[in-house]
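So the structure is just underneath, and the comments pick up after that.
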Amino acid sequence: MLLQEKTAIVTGGTRGIGFAIVKKFLENGAKVALLGSREETVEKALTKIKEENPDAQVYGYWPNLMNPEEVAEVFAKVRETYGKLDILVNNAGISARDSLYDYKPEDFAKVMDLNLNSVFICAQAAAKIMREQGGGVILNTSSMVSLYGQPAGVGYPASKFAVNGLTRSLARELGKDQIRVNAVAPGVTRTDMVAALPEEMVKRLTASIPLGRAGEPEEVANAFLFLASDMASYVTGEILSVDGAAMT
Ligand code: NAD
């Protein structure tokens, strides 16, 4: 079990990639705090996990990730409950597909708020705890579009390019505190985010993937498991693609 005795916070843990990460971390011995945007969806996810694994050491919280005080309060609670915080996974994210001509500035701000600002806020809260305890791991969720951009919905790729910058810079800044910082850049992965895209677009996207299919949330979670574990003890500042060699 790669994460025995480790404690983790996973944002956006109620479904999709985040839910797969929560399950993967629990299976590997971690204690996990699952964060979501609403009490109802958090409770639903916890019930699902407990049905499969009644002994799972998992708690749920729903702070506003854009509010530094609320985030710090929840992170302190997690530390108090588990005695420490070893791993933070910044996974919560949204996308919008509008063309530049129709893109509302408030929608652009919304995407940046969750996909970038909340990553900064959560990383800051976690790093303060991790520095005090002598180290930790921060993992961010980027995207394949952080490498190539995409032909519409410019806020989303812009936010993920920035997540890569944050990841590489934080790795350099926090290395001295024994905090490793990495990102996983998933390709097309079968979650609600992809189900919301027009079928034509999904077909076009998967047709150009050399492995010939979309990825599964569990395949992305495997990369998070590796980077969270001591197997990756000398890996920091890395953006790990899990995308079937997609180049869209
Ligand atoms: P999803 O829509 O299935 O899940 C998104 C998660 O984010 C949910 O748990 C939701 O509760 C949470 N969330 C949404 N708005 C929130 C808010 N305001 N506050 C707190 N939490 C909020 O998405 P997914 O496909 O699992 O995506 C997870 C991450 O992976 C995102 O960062 C996304 O950008 C990234 N990603 C996904 C794909 C893909 O193809 N699915 C590809 C590349 C990157």
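Order of listing sets the numbers, starting from 1, for every ligand and every atom in it.
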Nearest heavy-atom contact between Ala76 and Ile129 is N-CD1, 4.5 Å
Residue pair Lys160 / Thr141: nearest heavy atoms and the distance that separates them
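Of all heavy-atom pairs spanning Lys160 and Thr141, the closest is NZ-O, 2.8 Å.
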Lys104 with Glu106: basic N within carboxylate O range, under 4.0 Å
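Not counted as a salt bridge, because no side-chain N and carboxylate O are separated by less than 4.0 Å.
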Name the one of Leu227, Asn91, Ile21, Val89 that satisfies side-chain contact (heavy atoms from CB on, under 4.5 Å) with Val184?
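Among Leu227, Asn91, Ile21, Val89, the one meeting side-chain contact (heavy atoms from CB on, under 4.5 Å) with Val184 is Leu227.
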So, the side chain of Asn115 versus the backbone of Ile94: is there a donor-acceptor pair under 3.5 Å, distance only?
yes
What residues sit with at least one heavy atom under 4.0 Å from ligand 1?
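Close residues (ligand 1, cut-off 4.0 Å): Gly12, Gly13, Thr14, Arg15, Gly16, Ile17, Ser37, Leu65, Asn91, Ala92, Gly93, Ile94, Leu114, Thr141, Ser142, Ser143, Tyr156, Lys160, Pro186, Gly187, Val188, Thr189, Thr191, Asp192, Met193, Val194.
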Determine which pairs satisfy ring-ring contact (aromatic ring centres under 6.0 Å, His included) with at least one residue from residues 4-30, sequence neighbours left out, and list them in order.
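Listed once each, the pairs would be none.
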